[in-house]
Amino acid sequence: MIISKSIELFEKAKKRMPGGVNSPVRAFKSVRGTPIFMERGVGSKIFDVDGNEYIDYIGSWGPHLFGHNPDFIIKAVQEALLQGTSFGTPTENEVKMADLVCELMPSIEMVRMVNSGTEATMSAIRLARGYTGKDKIIKFEGCYHGHGDSFLIKAGSGALTFGVPTSPGVTKSSSADTLIANFNDIKSVKEIVTKNKNNIAGIIIEPIAGNMGVVPADKTFLQELRQICSDEKIVLIFDEVMTGFRVAKGGAQELYNINPDLTTLGKIIGGGFPVGAYGGKAEIMNHISPAGPVYQAGTLSGNPIAMTAGTAALTQIKNHPEIYSELEEKSALLEKGMHENLKLQNLKYSINRVGSMLCQFFTEEVVTDYKTAIHSDTEKYAKYFHKMLDRGIYLAPAQFEAMFVSTAHTIDDIKKTIEAHRMSLK
Ligand SMILES: *Cc1c(COP(=O)(O)O)cnc(C)c1O
């Protein structure tokens with residue numbers, strides 16, 4: 001495979017952009033090699049600057065539920081562009097968007113649009129703090145909630161309850177207010193809640209973790225979490241930036257039949273544009289400015305073009321809920337093929353899948369939390385990644401990410417992917 005234009009662009013990029021990219025995982029650091037510069041996407045395929053073609057399983061890291069450039073989004077955006085790109089005033093589309101979000105996710109009674117998932121989670125914990133008058137939050141090891149200071153915290157050695165920053169620039173005082181519990185381990189939550197009685201404003205969780213590979217929460221674990229939050233007046237926040245409109249029409253909360261107090265959204269909600277949102281109980285949401293005292297604002301929030309793309313995506317979901325059974329069928333076919341290939345090679349690697357989110361870990365252990373996830377052999381993943389890339393299959397350039405199947409993937413794409421997987425494992 002010739003990637004000379006990508007190599008040339010990456011050399012130029014490195015001179016002007018830190019690491020040559022605008023978001024770290026794109027740089028291929030964990031799989032090594034040169035990041036591929038993409039030029040265009042159609043349906044399930046992406047094409048690079050050297051003219052190579054790939055079946056894409058990143059889907060822009062989650063937003064492309066319908067594949068690249070679906071007509072109904074492109075057409076709507078083209079029309080909206082002619083009306084104006086931004087006004088900084090209310091527009092009708094924001095009202096439509098809010099209605100759609102609340103209809104698809106009934107736990108959301110009111111919603112605020114923002115510009116990214118990071119902004120949604122940062123704002124949601126500020127709201128939880130402002131609403132409860134408490135300072136501390138609990139997050140789970142291995143869950144990703146964007147790059148806000150409060151979330152760039154990992155468990156410190158020894159004492160479970162003390163978090164430490166994972167990045168220089170995050171202060172000790174912000175880490176002091178983030179407590180780290182273990183995913184799928186309700187005892188670790190209870191311990192922290194007991195030790196910090198009446199100090200915890202919110203618990204934030206990816207109900208199906210997608211940023212340590214794919215790791216679903218146990219239903220009973222989430223039910224108990226819900227109960228603890230209700231008992232202790234803690235705001236339960238489901239971070240559904242990835243899972244919202246991905247695993248079901250109403251996200252993970254629909255699959256588990258559990259209502260969080262607040263939900264954060266992003267990715268699919270923007271129809272390929274930069275959008276995030278947070279929403280939930282009206283009683284809590286009414287604390288946000290200007291209805292209430294908790295400040296949060298945005299020059300481009302609810303941007304008309306982004307709202308047009310978002311409403312087009314959500315309308316499609318609302319009118320075609322059958323896409324989720326189609327996605328399930330295709331993804332199950334892919335998983336089955338991968339399992340058969342592993343068996344052929346006498347490999348017992350575990351695969352986790354929920355709907356169209358899938359991850360093969362290079363470990364024989366069942367992956368249920370961060371500790372089991374990190375047993376995966378990332379060197380093997382790097383080799384596998386490049387073998388797949390050479391065969392025209394574009395996977396995430398890092399082990400602890402999800403593979404996303406879209407409605408645009410055909411059975412033929414899935415079959416080709418299974419064949420490439422078989423050859424690559426060899
Ligand atoms: C992607 C993601 C975020 C961050 O969203 P950005 O738009 O990248 O800021 C937050 N939470 C989860 C669960 C995500 O998958």
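Numbering of ligands and ligand atoms starts at 1, following listing order.
- Ligand 1 has no N or O atom lying under 3.5 Å from any N or O atom of Thr121, backbone or side chain.
- In terms of protein heavy-atom proximity, atom 5 (O) of ligand 1 is nearest to Gly117 CA, 3.2 Å.
- Nearest protein neighbour of atom 9 (O) of ligand 1, counting heavy atoms only, is Thr118 OG1, 2.6 Å.
- There is a side-chain donor-acceptor pair under 3.5 Å between Gln399 and Ser376.
- Look at Lys187 and Glu224 and you find no salt bridge, because none of the NZ, NE, NH1 or NH2 atoms lies under 4.0 Å from a carboxylate O.
- The N/O atoms of Val241, backbone and side chain alike, include none that comes under 3.5 Å of an N/O atom in ligand 1.
- When non-hydrogen atoms are compared, ligand 1 lies under 4.0 Å from the side chain of Asn211 (C-beta onward) but not from its backbone.
- At least one N or O atom of Asp239 sits closer than 3.5 Å to an N or O atom of ligand 1.
- With a 4.0 Å heavy-atom cut-off, ligand 1 is reached by the side chain of Lys267 but not by its N, CA, C or O.
- Between Tyr384 and Phe362, a ring centre-to-centre spacing shorter than 6.0 Å is recorded.
- When each atom of ligand 1 is checked for a heavy atom of Ser116 under 4.0 Å away, the hits are 7 (O), 9 (O).
- Near Met242, meaning under 4.0 Å from one of its heavy atoms, ligand 1 places the atoms 15 (O).
- Remark: ligand 1 and Glu206 share no N or O pair separated by less than 3.5 Å (distance only, no angle test).
- Taking the centre and axis of the six-membered ring of Phe47, the NZ or CZ atom of Arg40 falls inside the cone set by 45° and 6.0 Å.
- Between Tyr57 and Phe404, the ring center distance fails the sub-6.0 Å criterion.
- Between Phe400 and Phe361, the two ring planes are tilted [angle within 30° to 60°].
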Ile269 and Val101: CA distance, side-chain angles, deciding distance, side chain to side chain contact (heavy atoms under 4.5 Å, CB included) verdict: CA-CA 9 Å; Ile269 204 178; Val101 172; 3.8 Å; yes
